[in-house]
Amino acid sequence: VAQEQPEMLKHQQQLAADICIQTAEHHAKSHATAPLATQAYLEALSYDETSPKALLALADLHMVQGDQDQAKYHLQILLKHDPLNNDATVLMADISFRQREYDTATLHFQQLLEREPEHYDALSRLVDLLKRSGELEKVPEFLDQAKAACSRPDTE
């Protein structure tokens, strides 16, 4: 029985985190209860400190509230534990863009497109960044990668 308890504790902690996330999602629907959503997501993290769902949702909430530094903090934790999380990568690039860190934003989009060349939202935003920074000559490389990875053949 003693061997089952740590496993049961982990299951119970995950269940508690899931309940907190559901509560937070309910509160996040209204700006009036956004602080309660933040509190519930933080409580979820007290049970599962690397919960991708809670970390990403907290980052989104902080972005809506205009707190880019807190959003960035939660995204850094998420990306440390899940460096291939596309949603976190896009949001991190967005924060870098808003903070006028164009090289960092470009790097995030490039890393994402190396993993997933058909991520057209990232591709579009990267093209915009490269245009703003006067580096349009780099665009064809990413367009060619997207075309090569395209799951549908040309339909001429």
Side-chain angles (χ1 to χ4, degrees), residues 1-133 142 145-146 149-152:
V1 176
Q3 291 178 345
E4 292 178 1
Q5 289 178 351
E7 193 172 295
M8 189 63 149
L9 177 63
K10 181 69 176 162
H11 173 71
Q12 290 173 345
Q13 287 177 324
Q14 185 60 51
L15 185 60
D18 291 343
I19 291 168
C20 292
I21 289 170
Q22 289 174 3
T23 302
E25 288 171 344
H26 172 74
H27 289 300
K29 293 176 184 175
S30 167
H31 289 291
T33 57
L36 294 174
T38 301
Q39 184 179 1
Y41 283 126
L42 290 171
E43 187 174 349
L45 291 173
S46 74
Y47 295 110
D48 180 5
E49 58 191 35
T50 62
S51 167
K53 193 169 187 177
L55 288 166
L56 189 60
L58 259 175
D60 279 333
L61 251 155
H62 287 300
M63 286 297 290
V64 168
Q65 296 169 348
D67 191 349
Q68 295 173 2
D69 291 334
Q70 275 298 307
K72 196 173 192 176
Y73 170 77
H74 292 295
L75 290 171
Q76 287 170 334
I77 293 170
L78 175 53
L79 289 169
K80 179 181 177 187
H81 294 284
D82 183 8
L84 303 179
N85 188 304
N86 290 346
D87 293 331
T89 302
V90 168
L91 195 50
M92 188 66 97
D94 188 43
I95 291 170
S96 297
F97 178 79
R98 290 177 188 210
Q99 294 179 337
R100 301 185 197 292
E101 298 171 358
Y102 300 124
D103 290 340
T104 304
T106 300
L107 178 66
H108 286 298
F109 284 130
Q110 287 174 337
Q111 290 171 342
L112 174 57
L113 289 168
E114 286 172 8
R115 295 191 306 264
E116 194 175 320
E118 288 187 88
H119 196 292
Y120 294 112
D121 181 45
L123 181 59
S124 168
R125 294 166 95 181
L126 177 62
V127 168
D128 184 47
L129 274 168
L130 292 174
K131 179 181 132 189
R132 289 173 185 254
S133 62
F142 295 100
Q145 289 173 358
C150 185
S151 57
R152 293 184 296 160

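The model shown is predicted, which means the values in this text are computed figures rather than measured ones.
When all heavy atoms of T106 and L126 are compared, the pair lying nearest together is CG2-CD1, 3.6 Å. When all heavy atoms of L61 and A34 are compared, the pair lying nearest together is CD2-CB, 4.0 Å. Contact record, E49 with I77: O-CG2, 4.3 Å, taken as the closest heavy-atom pair. Closest approach of P117 and A146 over heavy atoms only: O-CB, 3.4 Å. Summarising the geometry of A105 relative to A93, their closest heavy-atom pair is CB-O, 3.4 Å, with the distance given to 0.1 Å. Scanning all heavy atoms of the two residues, the minimum distance from E118 to C150 falls at OE1-CA, 3.3 Å.
E43 contributes atom CD, which lies 11.5 Å from atom CG of L36 (distance to the nearest 0.5 angstrom). Y41 OH to H74 NE2: the interatomic distance, rounded to the nearest 0.5 Å, is 12.0 Å. A distance of 5.0 Å separates CG in L75 from CD1 in I95, rounded to the nearest 0.5 Å. Rounded to the nearest 0.5 angstrom, I21 CD1 and Q14 CD are separated by 7.0 Å.
Two residues are said to be in side-chain contact when any heavy atoms from C-beta on lie closer than 4.5 Å; Q68 and H62 fail this criterion. You'll find the side chain of L112 stays beyond 4.5 Å of the side chain of H108, heavy atoms only. Residues Q13 and D48 form no side-chain contact, since every pair of their non-hydrogen atoms from C-beta on lies 4.5 Å or further apart. Side chains of R115 and N86 form a contact here, defined as non-hydrogen atoms less than 4.5 Å apart. Side-chain contact check for L79 versus L84: every heavy-atom pair is 4.5 Å or farther apart. Annotation: side chain of R98 is in contact with side chain of M63 (closest heavy-atom distance under 4.5 Å). Residues K72 and Q99 meet the side-chain proximity criterion, which asks for heavy atoms closer than 4.5 Å. Counting heavy atoms from C-beta on, the side chains of F109 and H119 never come closer than 4.5 Å.
Between the S96 side chain and the M92 main chain, a donor and an acceptor come within less than 3.5 Å of each other. At distances below 3.5 Å, at least one donor-acceptor pair connects side-chain atoms of S51 with backbone N or O atoms of A54.
With a 6.0 Å radius and a threshold of 12 heavy atoms from other residues, nucleotides or ligands, Y73 has its OH atom at or below the threshold. In the displayed structure, Q111 atom CD is contacted under 6.0 Å by more than 12 heavy atoms of other residues, nucleotides or ligands. No more than 12 heavy atoms of other residues, nucleotides or ligands lie within 6.0 Å of NE2 in H26, so this atom counts as exposed by the packing criterion.
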* Under the side-chain contact (heavy atoms from CB on, under 4.5 Å) rule, what do Q145 and L123 come out as? Steps first, then yes or no, please. => CA-CA 10 Å; Q145 289 173 358; L123 181 59; over 6 Å; no
* **Working for side-chain contact (heavy atoms from CB on, under 4.5 Å), residues L58 and L45** => CA-CA 10 Å; L58 259 175; L45 291 173; 3.5 Å; yes
* Test Q12 against Y47 for side-chain contact (heavy atoms from CB on, under 4.5 Å), laying out the working first. => CA-CA 9 Å; Q12 290 173 345; Y47 295 110; over 6 Å; no
* side-chain contact (heavy atoms from CB on, under 4.5 Å) between Q65 and T38, intermediate numbers included -> CA-CA 11 Å; Q65 296 169 348; T38 301; 4.0 Å; yes
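A salt bridge does not link K53 to D18: none of the charged side-chain nitrogens sits closer than 4.0 Å to a carboxylate oxygen.
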